[in-house]
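Worksheet: the structure to be examined is printed underneath.
Lettering of chains follows the sequences in order, A, B, ..., and the numbering in each one begins at 1. Only this structure's heavy atoms are used, side chains among them; waters, hydrogens and symmetry mates stay out. Keep in mind the model is a prediction, meaning the values are calculated, not measured.
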Amino acid sequence: MTATAPDAAAALAGGSQPLLQVEGLQKYFPVNRGIIFQKQVGAVKAVDGLSFNVNKGETLGVVGETGCGKSTMGRLLTRLLEPSGGSIRFDGRDITHLSRAGMRPLRKDIQIIFQDPYSSLNPRHTIGTIVGAPFRLQKVQTDSGVKKAVQDLLALVGLNPEHYNRYPHEFSGGQRQRIGIARALALRPKMIVCDEPVSALDVSIQAQVINLLDDLQDEFDLTYVFIAHDLSVVRHISDRVAVMYLGKIVEIGDRISLYEHPMHPYTHALLSAVPVPDPVKESKRERILLTGDVPSPLNPPPACRFHTRCWKAQAICKQVEPPLVQIQPGHEVACHFPEERVLV
Amino acid sequence: MTQEMIESAAAPRGAASAFLELRDLKVHFPTDDGLVKSVDGLSFQLEKGKTLGIVGESGSGKSVTSLAILGLHKGTRAHLSGEVWLDGTELIGASKEEVRKLRGSKMAMIFQDPLSALHPYFTIGSQIAEAYRIHNDVSRKAARARAVEMLERVGIPTPDKRVDDYPHQFSGGMRQRAMIAMSLSCNPELLIADEPTTALDVTVQAQILDLLRDLQKEFGSAIIMITHDLGVVAEFVDDLLVMYGGKCVEYGTVNEVFYEPQHPYTWGLLSSVTRLDRVREDRLKPIAGSPPSLINVPNGCAFHPRCPYEPQTGGKGSTVVPELVDAGKGHLVRCHLSAKERQDIFLKQVKPTL
């Protein structure tokens, strides 16, 4: 009795804690000069202090402009890159600095779907080889052979199982993305990082793939980290959304409060810039035009990184970095002058 | 036969009255696997100061149409037929040299990917000046001044310094601005923008669309905007042409097509997009299947294998190519369903889901 009580408490704690916990995650890419005597002259701060949690079975959407560190973050979470600082805990276990060998058993649980379905499939391998690779690499025994398992997966993602022996070039973009999804699903992962999975696809095919991702989440209780630059796709698929700017999260909140009551000026600008497919509504919307481009992450602006493009910037924005603070339950903003604004 | 009658009734032969008019444009590519009918009988008109949007999936013939207008299929194996009238000049029958003179000065194009459309070995300034000097007899110095002026016009900061930069020194948004500066350097009256913002972030997209709108007001150019983003279309265009399998399936003003769409493919497009302005609680409603291969376009209506209403046509969908008919006030649609059937389906089944 006394022996089981702590176990039960631990199990309870294990059940309620988030699947993924990220604390102060950083990735600096060194910039070197010289050929023989190389020395570091700077660093690209691609990801600079991210903290967030992802609960089991939920979808966290990550949005931001090109170069804000979304994809680097995805690669850090899957440990395709080594973090420079901070920590990543997956399922209660610290995976921040695990070696390749140490990471290997966890690869079953963490998978990734890539953006470009043309370059993420080996053109010289058949679909059977590609989707069957996880089974062989992880030495997973299946009930009735790898081929049967692969054919079941192909059927699951809506492809013809008889296409087992075909090559990637025989498929269209949408079908290739389904192959990528089948490969990611092969070992029944707990979490999938989707790095722009639909942005290379046509609208009608996009909807098919989004529905597929939705169905699979329901069926296998999957957790998604969904990286995309398309804010309307993210609104559709996510439970919570994080907005990134120059390697930092500027606003994070559940879908409804973030889209209907956005607080950060950058979120305002992003939301107002997306055209709505409705001509009358579109002509009445206000548009916030940001000037210029995202500053270089090699030398990001001090304090609040958005102050160079922000129309509300004051002296304090150039001196003190705003922390990510909770404004409402489940809605955090990093801004000195947060203000609600209705934009969609 | 009836097809011809309708088209000849809609567009009397002889010189066109509209600024840009396409009549039954066909672009076919012979390949080892068969004839690819990329564009198969496309007709439309566009006046100056107006914007026409062309939407459709990849491989529906959008870009091939724009290249045909610019005469960029000349000297290739492509088989072109039909007529393209630009301000009273017919372009399909014109010689390569004649079209070359018009290209750049009277009509210009903005390409989707500025990094591959700009030459990496030459500075931005020299590329803009080259286009200007071909059509205007001016000194190098004057052309360079023109390049600086154009860069300033499109909002590049410190244009007198950036004019000597190479394309790789520009960011994606700035490269697209430089492309626009180049295409506008000779004040073209027709501007074809082929997915000008697809590769850009939304914030930059808003800047570029704003810029194009201002420039259109200033110069009164006609713009053809090719895109697959229905949001951009809703914001930017006056008239909208929906292409499928190399043919126009619906044409109308942007309000007609968005609020009273007539073709099942347009319904599918509108109901499959994710929306920023509202949450769809249930699942998206995608169009089943994938776009047709243009080598082997389905018989009859090209959309029939994916069309949920095909059984209602009584077999006509898979055998007869529907004609482009007027559904009222110049709103054209290519569908076998009767106007009443379309109205019923749209109001009862499609509209509630949009």
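Within the cation-pi definition used here (under 6.0 Å to the ring centroid, within 45° of the axis), B:Arg306 does not qualify as a partner of B:Tyr265.
Taking the side chain as every heavy atom from C-beta outward, A:Glu340 and A:Met263 approach each other to under 4.5 Å. A:Pro265 is listed as a side-chain neighbour of A:Cys335, based on a closest heavy-atom distance under 4.5 Å. Between B:Phe236 and B:Val254 there is no side-chain heavy-atom pair separated by less than 4.5 Å.
The six-membered or imidazole ring of B:Tyr244 lies away from that of B:His263, with a centre-to-centre distance of 6.0 Å or more.
With a 4.5 Å cut-off on non-hydrogen atoms, B:Val233 does not touch chain A at all. For chain B, the nearby parts of A:Leu270 are the backbone and the side chain; heavy atoms of each come within less than 4.5 Å. Of the two parts of A:Ile288, neither the backbone nor the side chain holds a non-hydrogen atom closer than 4.5 Å to a non-hydrogen atom of chain B. Only the side chain of B:Tyr259 comes within contact range of chain A, with heavy atoms under 4.5 Å apart. Interface remark: A:Val280 contributes backbone and side-chain atoms alike to the contact with chain B (heavy atom separation under 4.5 Å). At a 4.5 Å heavy-atom cutoff, the contact between B:Gln205 and chain A is made by side-chain atoms alone. If you measure heavy-atom distances from A:Thr66 to chain B, the contacts under 4.5 Å come from both the backbone and the side chain. Residue A:Ile210 touches chain B through its side chain alone, counting heavy-atom pairs closer than 4.5 Å.
Most heavy-atom pairs under 4.5 Å with chain B, from the set A:Arg235, A:Glu260, A:Glu282, A:Lys281: that is A:Arg235. Between chain B and the options A:Leu289, A:Val203, A:Asn211, heavy-atom pairs under 4.5 Å are most frequent for A:Asn211. Taking chain B as the reference chain and counting heavy-atom pairs below 4.5 Å, the highest number among A:Asp278, A:Asp215, A:Ile237 is found for A:Asp278. When A:Pro277, A:Gly64, A:Ala269 are compared by the number of non-hydrogen pairs under 4.5 Å with chain B, A:Pro277 comes out ahead.
Ion pairing between a basic and an acidic side chain is recognised when a charged N comes within 4.0 Å of a carboxylate O; B:Glu260 and B:Lys329 show no such pairing. A salt bridge links B:Glu235 with B:Arg213: at least one charged nitrogen is closer than 4.0 Å to a carboxylate oxygen.
Aromatic ring pairs are classed by plane angle as parallel below 30°, tilted from 30° to 60° and perpendicular above 60°; the pair A:Phe171 and A:His163 is perpendicular.
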